[in-house]
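Naming convention: chains lettered A, B, ... in sequence-line order (proteins, then strands); numbering from 1 in each chain.
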Protein chains: 2
Amino acid sequence: MSPAQFFKCLSDETRLRCVALLQKQGKLCVCELTTALDLSQPKISRHLALLRQCRLLLDTREGSWVYYQINPTLPDWAFPILANVLTAVEMTGQFQTDLERLHKMANRPDMAMCS
Amino acid sequence: MSPAQFFKCLSDETRLRCVALLQKQGKLCVCELTTALDLSQPKISRHLALLRQCRLLLDTREGSWVYYQINPTLPDWAFPILANVLTAVEMTGQFQTDLERLHKMANRPDMAMCS
DNA sequence: TATTGATATACGTATAATCATATATCAAAA
DNA sequence: TTTTGATATATGATTATACGTATATCAATA
């Protein structure tokens, strides 16, 4: 992936919020991202597909749920930037709201697993 | 400027090459960027105008020449990212070529100033 | 002031991105 | 199996980007 391609991935607010959440939380499934960002499922899914096709994200299916995470085999130059991305996005009120919605979320897959 | 807007500025290869060169060299005029990138003047100018409108770049006119530089009053989160951008872009062969064309350039404004 | 060199903008077009809505797939449970 | 919940994709409309070419502006100089 070229640097310009990489930045194009981050140039859309929806994708940026997804990437920042994943950078902070490690692994999240589609329904968690949908709830956290309060956007339609197809919209989230399309953006995740883009990020997956660029190899910025990896997906792993666990039963019905598909978990996404930052691809740990990105080029070396990408990781410091992702760290700075999180720092930048954490300063926005939007991101704090996203985190709150994520944490308040009932029926999270993790919880379901435990029951 | 929002983080997503900032990354959109960096998501085009022409703009990214301009920003990386400016990050490395401090200040360059349009004709230097045009020569370094080996692209048409209107194309460079239009991209620089975009970056200027987003306040990522500042321009200062000195006689006929217009110099561009990274805006030193960007939000704090932007500078570490710009530093990492340069590191990433410096690894590309394209950037090395751009730098060579810049340095080999005859009739640079700086030189003209001295004559 | 006429000209020239440097830079900026206008315009039409081609391509790409984004979106909402509808529908398809896929795995678990009934 | 049928159903249900989670996720993905298709479609068509809308909007945004990027481009080449032509032209305008602006400052220096003749």
Side-chain angles (χ1 to χ4, degrees), chain A residues 2 4-18 22 27-54 56-69 105-115, chain B residues 2 4-18 22 27-54 56-69 105-115:
Chain A
S2 74
Q5 261 184 307
F6 179 77
F7 291 120
K8 184 167 292 184
C9 288
L10 305 177
S11 71
D12 175 272
E13 206 194 314
T14 302
R15 291 195 293 271
L16 191 58
R17 288 160 72 192
C18 286
L22 290 168
K27 232 184 184 192
L28 293 169
C29 76
V30 180
C31 66
E32 289 175 306
L33 289 167
T34 301
T35 300
L37 273 65
D38 193 27
L39 292 171
S40 76
Q41 179 270 321
K43 178 164 175 171
I44 296 290
S45 189
R46 230 177 331 96
H47 284 293
L48 291 175
L50 257 168
L51 295 170
R52 175 175 17 99
Q53 284 154 22
C54 294
L56 182 41
L57 298 184
L58 293 185
D59 62 325
T60 53
R61 180 176 278 273
E62 293 182 19
S64 300
W65 300 289
V66 176
Y67 285 87
Y68 282 87
Q69 60 182 313
M105 188 182 173
N107 302 323
R108 290 172 65 184
D110 297 346
M111 297 174 163
M113 300 301 245
C114 298
S115 65
Chain B
S2 76
Q5 262 184 307
F6 179 76
F7 290 119
K8 184 165 291 184
C9 289
L10 304 177
S11 72
D12 175 272
E13 207 194 312
T14 302
R15 291 195 292 271
L16 191 57
R17 288 161 72 194
C18 287
L22 290 168
K27 232 186 184 189
L28 292 169
C29 76
V30 180
C31 64
E32 289 176 306
L33 289 167
T34 301
T35 299
L37 273 64
D38 193 27
L39 293 172
S40 75
Q41 179 269 323
K43 179 166 173 170
I44 296 290
S45 189
R46 240 176 321 99
H47 282 293
L48 291 175
L50 257 170
L51 295 170
R52 176 173 19 97
Q53 282 154 23
C54 293
L56 182 41
L57 298 184
L58 293 185
D59 63 323
T60 53
R61 181 176 276 274
E62 292 182 21
S64 300
W65 299 290
V66 175
Y67 285 87
Y68 282 87
Q69 59 181 313
M105 186 182 175
N107 302 322
R108 291 174 64 186
D110 295 347
M111 298 173 161
M113 299 304 245
C114 298
S115 63

When you measure only distances, ignoring hydrogens and angles, does the side chain of B/Gln41 come within 3.5 Å of the base of C/dA6 through a donor and an acceptor? no
How many Å lie between CZ on B/Arg61 and C1' on D/dA28, as a whole number? 11 Å
Residue pairs fulfilling side-chain hydrogen bond (donor to acceptor under 3.5 Å, both in side chains) with at least one residue in residues 33-42 of chain B, sequence neighbours excluded: none
Kindly write out the residues that satisfy side chain to side chain contact (heavy atoms under 4.5 Å, CB included) with B/Leu58, not counting sequence neighbours, or none if the list is empty. B/Gln69, B/Asn71, B/Pro72
In terms of side-chain heavy atoms of A/Ser64, which of D/dT7, C/dT7, D/dA6 is nearest? D/dA6
Report the residues that fulfil side chain to side chain contact (heavy atoms under 4.5 Å, CB included) with B/Ser64, sequence neighbours left out, ordered by chain and then residue number. none
When the distance from CG of B/Leu39 to C1' of D/dC19 is rounded to whole Å, what number comes out? 11 Å
Taken to the nearest whole Å, CD1/A/Ile44 to P/D/dT9 is 15 Å
Is the shortest side-chain N/O distance from A/Tyr68 to OP1 or OP2 of D/dA6 below 4.0 Å? no
Please give, in whole Å, the distance from D/dT7 P to A/Leu57 CG? 15 Å
Whole-Å gap separating P (C/dA27) and CD (A/Glu62): 14 Å
Taking the side chain of A/Val30 as heavy atoms from C-beta outward, which of D/dT17, D/dC26, D/dT7 is closest to it? D/dT7
State which residues pass ring pair (Phe, Tyr, Trp, His ring centres under 6.0 Å) with A/Phe6; sequence neighbours excluded, sorted by chain then number. A/Trp77
Would you mind reading off the distance between B/Leu28 atom CG and C/dT7 atom P, rounded to a whole angstrom? 11 Å
Just do the side chain to side chain contact (heavy atoms under 4.5 Å, CB included) check on B/Arg17 and B/Leu39 with the steps written out, would you? CA-CA 11 Å; B/Arg17 288 161 72 194; B/Leu39 293 172; 4.2 Å; yes
Distance check needed: D/dT17 C1' versus B/Leu50 CG, whole Å only. 9 Å
Taking side chain to side chain donor-acceptor pair (under 3.5 Å) as the test, write out the residues that go with A/Arg15, two or more places apart. A/His47
Using the 3.5 Å cut-off, write out each protein N or O paired with an N or O of nucleotides 19-21 of chain C and the distance between them.
unit_1, atom_1, unit_2, atom_2, d
C/dC19, OP1, A/Lys43, NZ, 2.7
C/dC19, OP2, A/His47, NE2, 2.8

